[in-house]
Amino acid sequence: EVQLVESGGGLVQAGGSLRLSCAASGFTSDAYAIGWFRQAPGKEREGVSCIRSSDGSTYYVDSVKGRFTISRDNAKNTVYLQMNSLKPEDTAIYYCTARDRSALRFSKWMLSSWDYWGQGTQVTVSS
């Protein structure tokens with residue numbers, strides 16, 4: 001069965017850094033894309049970043065551009081999210097997600113576009 005397992009969350013001071021990992025298993029082939037979403041207390045889950053498997057194209061929401069970097073190590077079947085210059089508003093549970101459908105009707109920041117989800121890892125940024 002398909003599994004996505006996040007790790008690397010923790011507690012950091014504002015301005016600090018964390019590197020999240022998403023280890024994927026159970027796929028018969030590469031997923032179309034891997035993404036990161038987050039959910040803060042009392043808020044809906046929102047997209048953060050994603051990477052397209054075929055060519056490595058990366059995408060970010062405006063609030064994290066210049067601070068976060070998504071990357072993939074194909075040999076390890078792992079996707080990373082390097083988070084720098086963290087802010088208290090980055091505090092959330094971060095979820096790894098994968099799409100195994102085609103690019104047709106794919107809207108990257110919509111929850112319904114994604115097929116598999118990890119259990120999440122907590123990121124807390126203190127002021």
Side-chain angles (χ1 to χ4, degrees):
E1 60 186 31
V2 172
Q3 283 191 295
L4 301 171
V5 181
E6 303 96 333
S7 62
L11 172 64
V12 298
Q13 289 278 338
S17 298
L18 284 173
R19 189 190 193 192
L20 306 183
S21 298
C22 173
S25 63
F27 288 94
T28 58
S29 61
D30 287 347
Y32 174 75
I34 303 292
W36 290 94
F37 279 64
R38 65 187 182 186
Q39 187 165 21
K43 297 183 179 180
E44 65 182 18
R45 193 171 299 188
E46 65 174 357
V48 177
S49 181
C50 63
I51 183 167
R52 190 161 61 198
S53 298
S54 60
D55 62 0
S57 297
T58 59
Y59 304 89
Y60 305 89
V61 293
D62 289 343
S63 61
V64 308
K65 286 181 179 177
R67 300 189 297 122
F68 291 10
T69 303
I70 190 170
S71 62
R72 183 172 186 172
D73 185 335
N74 291 329
K76 297 182 178 181
N77 208 23
T78 300
V79 172
Y80 304 96
L81 185 68
Q82 178 67 46
M83 306 185 295
N84 298 326
S85 302
L86 283 163
K87 305 174 180 179
E89 50 263 45
D90 295 318
T91 295
I93 300 174
Y94 282 70
Y95 297 90
C96 180
T97 186
R99 178 182 172 92
D100 66 1
R101 288 169 279 171
S102 73
L104 295 176
R105 306 293 294 177
F106 178 53
S107 184
K108 63 180 73 68
W109 306 130
M110 293 180 60
L111 291 174
S112 61
S113 290
W114 301 91
D115 301 304
Y116 302 99
W117 296 87
Q119 291 298 117
T121 185
Q122 177 70 50
V123 171
T124 303
V125 184
S126 64
S127 60

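Along the sequence shown, the residues carry numbers beginning at 1. Since the model is a prediction, treat every value here as computed from it, not as a measurement. Values below: every heavy atom of this structure, side chains too, minus hydrogens, waters and symmetry copies.
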Query raised in the report: So, do Tyr80 and Trp36 have ring centers that fall under 6.0 Å from each other?
Result: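 Tyr80 vs Trp36: aromatic centres not under 6.0 Å.
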Requested in this report: Verify the ring-centre separation between Trp117 and Phe37: is it less than 6.0 angstrom?
Outcome: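 Between Trp117 and Phe37, which both carry aromatic rings, the centre distance is below 6.0 Å.
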Taking atom [atom1] of [X] and atom [atom2] of [Y], what is their separation to the nearest 0.5 Å?
{"X": "Phe27", "Y": "Gln3", "atom1": "CZ", "atom2": "CD", "answer": "10.5 Å"}
{"X": "Arg19", "Y": "Ser71", "atom1": "CZ", "atom2": "OG", "answer": "6.0 Å"}
{"X": "Arg99", "Y": "Phe106", "atom1": "CZ", "atom2": "CZ", "answer": "5.5 Å"}
{"X": "Lys87", "Y": "Ser127", "atom1": "NZ", "atom2": "OG", "answer": "14.0 Å"}

Let me check something: do [X] and [Y] share a hydrophobic cluster, defined by ILVMFWY side-chain heavy atoms less than 4.5 Å apart, either directly or through other members?
{"X": "Tyr95", "Y": "Val123", "value": "no"}
{"X": "Tyr60", "Y": "Leu111", "value": "no"}
{"X": "Leu81", "Y": "Ile93", "value": "no"}
{"X": "Ile70", "Y": "Val5", "value": "no"}
{"X": "Ile51", "Y": "Leu4", "value": "no"}

pair [X]-[Y]: side-chain heavy atoms closer than 4.5 Å:
{"X": "Thr91", "Y": "Gln122", "value": "yes"}
{"X": "Val61", "Y": "Glu46", "value": "no"}
{"X": "Arg67", "Y": "Asp90", "value": "yes"}
{"X": "Val48", "Y": "Met83", "value": "no"}
{"X": "Ser53", "Y": "Arg72", "value": "yes"}
{"X": "Trp114", "Y": "Ile34", "value": "no"}
{"X": "Val2", "Y": "Asp115", "value": "no"}
{"X": "Arg101", "Y": "Tyr32", "value": "no"}

**Report entry** Glu89, CD: over 12 other non-hydrogen atoms inside 6.0 angstrom
**Finding:**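 Count over threshold, so yes.
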Report task. Count the heavy atoms belonging to other residues, nucleotides or ligands that lie under 6.0 Å from CD of Gln39, then report whether that count exceeds 12. Result ->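 For Gln39, atom CD is crowded (more than 12 foreign heavy atoms under 6.0 Å).
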Query raised in the report: Between Glu6 and Thr121, is there a donor-acceptor pair closer than 3.5 Å when you use the side chain of the first and the backbone of the second?
Result: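 Checking the backbone N and O of Thr121 against the side chain of Glu6, no donor-acceptor pair under 3.5 Å is found.
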Requested in this report: Check whether any side-chain N or O of Ser49 sits under 3.5 Å from a backbone N or O of Tyr59 as a donor-acceptor pair, and report yes or no.
Outcome: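 Flag set: sc Ser49 to bb Tyr59 pair under 3.5 Å.
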Requested in this report: Could you go through the side-chain contact (heavy atoms from CB on, under 4.5 Å) check for Arg38 and Val64 one step at a time?
Outcome: CA-CA 12 Å; Arg38 65 187 182 186; Val64 308; 4.1 Å; yes
Report task. Before giving the answer on side-chain contact (heavy atoms from CB on, under 4.5 Å), spell out for Gln82 and Ser17 the whole-Å C-alpha distance, their side-chain angles and the decisive distance to 0.1 Å. Result -> CA-CA 8 Å; Gln82 178 67 46; Ser17 298; 4.0 Å; yes
Query - For the student: nearest non-hydrogen atoms of Ser107 and Ser113, plus distance - result: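 Ser107 and Ser113 have their closest heavy atoms at O-OG, 2.7 Å.
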Query raised in the report: If every non-hydrogen atom of Ser21 is compared with every non-hydrogen atom of Thr78, which pair is closest and at what distance?
Result: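 Ser21 and Thr78 have their closest heavy atoms at CB-CG2, 4.2 Å.
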